[in-house]
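Index from 1, following the sequence. Because the structure is a prediction, the values reported are computed rather than measured.
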Amino acid sequence: GGYASGPLLLTARRMKIPYLIQEQNSFAGVTNKNLGAGAAKICVAFTGMERFFPADRILLTGNPIRPEAVQISGKREEAMSFFGLDPTKKTILVTGGSLGARTLNKVMSGAYTDLVKEQIQLIWQCGKHYYDALKSIQAVGIRVYPFIMEMDLAYAAADLIVSRAGAGTIAELCVVGKPVILVPSPNVAEDHQTKNAQALTQQDAAVMIRDGEADDQLILAAKALLSDEARLQVLSANMSRMALLDADIVIAKEVLKIAEGGRKTR
C-alpha cells in the first residue's frame, strides 16, 4: 500500500497478473484507493472499508503483529520484577514508538513528579532521539528507556497504556486488551492515525485525546481512568473484542489461493 507499490501493481494490472493489497489503516491511502478497483482481494484491518473498495473483494484480516510482543498471560509478576516496580501500585506504559513522540515526552516530562506523588508508576519509552535529554530523570517508580525490546513485559506490567495510533500499534493493543489512551500523531498522511483511533472510540474500546489537547487533558484523563476500575474493565473488554488474530497466516493463504488461480488461467 505504500506509494512505491503503485507502479509495480499498475504494471501487474496491465499484464493481467492478479494482485492483493492490504490496507492497514481505517482510512485508505491514495495508492490503495487507486489500486483497489483492480485488486483480486483487499485485506483490511477495520470494518466499514466498503466506502473505499469493492465490497465483494474485501477480507477483514487485521494487521500482522509480532506474536512474542503480545504474549502477556501470566507475566505480570515477572514484568514488575524486570522493571523493578511495585506490584501494589498502578502503572502507566507510555510509548511513542521507536522514534518517540514529542508531545507525549513533553507531557510526561512535566507530569512525572505529580504521578509519583499520586503513587503511580511509569514505564516510559521516549524514543532514541529524545533519550539523551530525558535519561537523567530519576524518581521512584519512573523508568525511562529509548526503546523497549521486551514489549510483552511492558504490556503485562501496565494498568493503562498511553500511545500513538499507528495501525501496527493498534493491532497489538487490541490483542493485549489493556485500557488505552490514544494520542494520534497529527504529522501523518490524511490524518489517518486520528481515524484509526476513532474506529476504536466508536466501539468504546479506547479514549482519544488530540495531540493539541494533550498538555491540558492527558494526565487528568489518565488519573481519572486509573481511579475508575469499572471503566478500565469496560475499555479492556471492548478492546479485546476488536482483536483479530493470525492476520499473517490468513493473508498468506489468500495470496497463495490467488497465485494458484492465476496460474490456472494463464
Side-chain angles (χ1 to χ4, degrees), residues 69-70 72 74-97 100-127 130-131 133-148 150-165 169 172-173 176-184 197 200-201 204-211 213-240:
V70 296
I72 68 171
K75 291 185 178 180
R76 179 171 170 77
E77 183 177 346
E78 177 188 356
M80 302 309 279
S81 175
F82 178 84
F83 290 108
L85 297 175
D86 185 342
T88 67
K89 294 181 180 179
K90 296 289 188 180
T91 301
I92 299 174
L93 166 65
V94 175
T95 172
R102 183 191 304 273
T103 296
L104 300 186
N105 290 338
K106 179 185 176 185
V107 172
M108 292 303 150
S109 295
Y112 75 89
T113 53
D114 183 45
L115 295 177
V116 171
K117 291 176 183 177
E118 297 278 347
Q119 301 293 299
I120 297 171
Q121 301 175 131
L122 182 63
I123 301 172
W124 179 1
Q125 180 176 294
C126 64
Y130 299 95
Y131 182 65
L134 299 172
K135 65 184 179 181
S136 61
I137 290 176
Q138 298 288 336
V140 175
I142 306 297
R143 304 288 183 265
V144 183
Y145 303 93
F147 187 75
I148 300 174
E150 302 80 1
M151 282 304 295
D152 57 328
L153 298 182
Y155 287 143
D159 296 289
L160 176 66
I161 299 169
V162 176
S163 174
R164 288 303 202 188
T169 298
E172 287 189 2
L173 293 174
V176 167
K178 293 290 183 81
V180 177
I181 298 176
L182 296 171
V183 184
L200 270 64
T201 59
D204 198 23
V207 172
M208 185 184 82
I209 294 178
R210 294 188 180 276
D211 189 87
E213 299 170 346
D215 275 345
D216 296 327
Q217 297 184 17
L218 179 54
I219 297 303
L220 290 175
K223 291 195 292 187
L225 278 176
L226 287 175
S227 65
D228 188 345
E229 192 62 38
R231 182 69 179 138
L232 290 175
Q233 291 179 9
V234 167
L235 290 173
S236 180
N238 290 341
M239 181 68 92
S240 295

Heavy atoms only: give me the nearest [X]-[Y] pair and the separation to one decimal.
X      : Y      : result
Thr103 : Ala214 : CG2-CB, 3.7 Å
Pro184 : Ile209 : CD-O, 3.5 Å
Tyr131 : Tyr145 : CD1-C, 4.0 Å
Tyr130 : Ala101 : CE1-N, 4.2 Å
Ala111 : Ile219 : CB-CG1, 3.5 Å
Lys178 : Ala156 : NZ-O, 3.3 Å

Would the distance check show the side chain of [X] and the main-chain N or O of [Y] forming a donor-acceptor pair, the cut-off being under 3.5 Å?
X      : Y      : answer
Arg164 : Leu182 : no
Ser81  : Glu77  : no
Ser236 : Pro179 : no

> Are Arg102 and Asp211 ion-paired here, with the side-chain N under 4.0 Å from a carboxylate O?
Replying inline: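 No salt bridge links Arg102 with Asp211.
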
> Going through the checks in order, is the side chain to side chain contact (heavy atoms under 4.5 Å, CB included) test met by Asp215 and Val107?
Replying inline: CA-CA 6 Å; Asp215 275 345; Val107 172; 3.4 Å; yes

> Per the side-chain contact (heavy atoms from CB on, under 4.5 Å) rule, which among Leu218, Leu235, Val94 passes with Ile181?
Replying inline: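 By the side-chain contact (heavy atoms from CB on, under 4.5 Å) criterion, Ile181 pairs with just one of Leu218, Leu235, Val94: Leu218.
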
Distance, nearest 0.5 Å, that separates [atom1] of [X] from [atom2] of [Y]:
X      : Y      : atom1 : atom2 : result
Ile137 : Arg143 : CD1   : CZ    : 13.0 Å
Ile161 : Met239 : CD1   : CE    : 7.5 Å
Leu153 : Lys75  : CG    : NZ    : 6.0 Å
Gln125 : Met108 : CD    : CE    : 13.0 Å
Trp124 : Leu104 : CH2   : CG    : 9.5 Å
Tyr112 : Leu122 : OH    : CG    : 10.5 Å

> After noting the C-alpha distance and the side-chain angles of Glu150 and Asp152, does the key distance pass the side chain to side chain contact (heavy atoms under 4.5 Å, CB included) rule?
Replying inline: CA-CA 5 Å; Glu150 302 80 1; Asp152 57 328; 4.0 Å; yes

Under 3.5 Å, which donor-acceptor pairs link side chains of residues 84-93 to any protein atom two or more places apart or in another chain?
{"residue": "Asp86", "atom": "OD1", "partner": "Thr88", "partner atom": "N", "Å": "2.9"}
{"residue": "Asp86", "atom": "OD1", "partner": "Thr88", "partner atom": "OG1", "Å": "2.7"}
{"residue": "Asp86", "atom": "OD2", "partner": "Thr88", "partner atom": "OG1", "Å": "3.2"}
{"residue": "Lys89", "atom": "NZ", "partner": "Gln119", "partner atom": "OE1", "Å": "3.2"}
{"residue": "Lys90", "atom": "NZ", "partner": "Glu229", "partner atom": "OE1", "Å": "3.1"}
{"residue": "Thr91", "atom": "OG1", "partner": "Gln121", "partner atom": "NE2", "Å": "2.9"}

> Yes or no on side chain to side chain contact (heavy atoms under 4.5 Å, CB included) for Thr95 and Ile148, after CA distance, side-chain angles and deciding distance?
Replying inline: CA-CA 9 Å; Thr95 172; Ile148 300 174; over 6 Å; no

>> Is any side-chain heavy atom of Leu225 closer than 4.5 Å to one of Arg231?
In response: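 Yes, their side chains come closer than 4.5 Å.
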
>> Using side chain to side chain contact (heavy atoms under 4.5 Å, CB included), reason through Val234 and Asp204 one step at a time and then give a plain yes or no.
In response: CA-CA 8 Å; Val234 167; Asp204 198 23; 3.6 Å; yes

